[in-house]
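Beneath this line is the structure, given in structure tokens, with notes to follow.
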Amino acid sequence: MPIHHNQVKNHDSQSIGQWVEQFRPFAKEGKCASYIPALAQKDPQQLAISIIGPNSEQIVGGDVTELFTLQSVSKVVTFILACMDRGLPYVLERVDVEPTGDTFNSIIRLESHQPGKPFNPMINAGAITVSSMLDGSSPQEKVAKILSFLEQMVGKQLKVNEEVFQSEWQTANRNRSLAYYLMDSGFLDCPVEEALEVYLKQCAIEVNVSDLAMIGLVIANDGYHPQRKIQLFPKQVAKLAKALMVTCGMYNASGKFAAFIGLPAKSGVSGAIVAAVPNHASLESPFPAGCGIGIYGPAIDDIGNSVAGVKLLKHVADEWNMTIF
Ligand SMILES: NC(=O)CC[C@H](N)C(=O)O
């Protein structure tokens, strides 16, 4: 079912356009991810933002038609899906909700903290565990479920970008190591190659910034889809997802992001960022009933966050006093 958004054309949308151009030059301070060869070919100068509110009001700026892959943004989605498939107690027995302060693909805590339970679902170790526990008898079935869940949020058909998937599948030595480690300590529900296929395909799902904004909007609304008027996932799971986004969503920059921006957000090495702005958090903005924000800027910093994207998001949040704190 397609969802129609009404583009707001006023000084707020003009401001967004200007802010995108103001922050675009900061892309120079970052680089496109190169450990996934297909991502290295992206244009680092691109920057786009889409903000969507519960009544379909929308403000966009920059390269809004650009397609990119979800990468780690998918971790929030599969965490929510796993909680629906398996129930919260099952999921929390296999993945914790503690930030690590380590890089997103770190392996160290799987050995240094027994029994090797991954610290949270927003880092690779935890996300691979989560992908392994999704319902479905094959990777294809699990990926189809992820796609259909996302399609319910964004209101259109989505697909896996095969080139990006293949590019990462062939170079995923670190993620394979993580998966073998998890298997050894009993934190993988299916064979290594199957878990990896699901995980890397979910990362390679292709979206644009407005799709991201829709994901953020539904999370901000505690799982309720304001346009389709249905509860897509339980409120309790949405609250947990938001808490994980605040504490772990921006990798080992999550503390600074919470301190200086103050919104539940999740980034990916493609340069994607999704932010969920609940309705009490944006009273002074053009979105007083809350909104979802999608950002894309493929030049990322050493931690893995979009350089221009984070700066743009901070500016929007500052200007419109959007914060959950
Ligand atoms: N931080 C990310 O976006 C990482 C996702 C990427 N597919 C990986 O596993 O390395």
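Computed from a predicted structure; not experimentally measured. Numbering of ligands and ligand atoms starts at 1, following listing order.
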Which of parallel (below 30°), tilted (30 to 60°) and perpendicular (above 60°) describes Tyr296 and Phe68?
-> parallel
Could you label the plane-to-plane angle of the Phe287 and Trp320 rings as parallel, tilted or perpendicular, counting under 30° as parallel and over 60° as perpendicular?
-> tilted
Heavy atoms under 4.0 Å from ligand 1: which residues qualify?
-> Tyr35, Gln71, Ser72, Phe104, Asn124, Glu168, Asn175, Tyr199, Cys203, Tyr251, Gly268, Val269
Say whether Lys75 and Ser72, considering side chains only, have a donor N or O and an acceptor N or O under 3.5 Å apart.
-> yes
Residues Gln18 and Gln14: side-chain donor-acceptor under 3.5 angstrom | no
Any donor-acceptor pair under 3.5 Å linking the side chain of Lys142 with the backbone of Leu134?
-> yes
Going by heavy atoms in the side chains, are Pro115 and Phe187 under 4.5 Å from each other?
-> yes
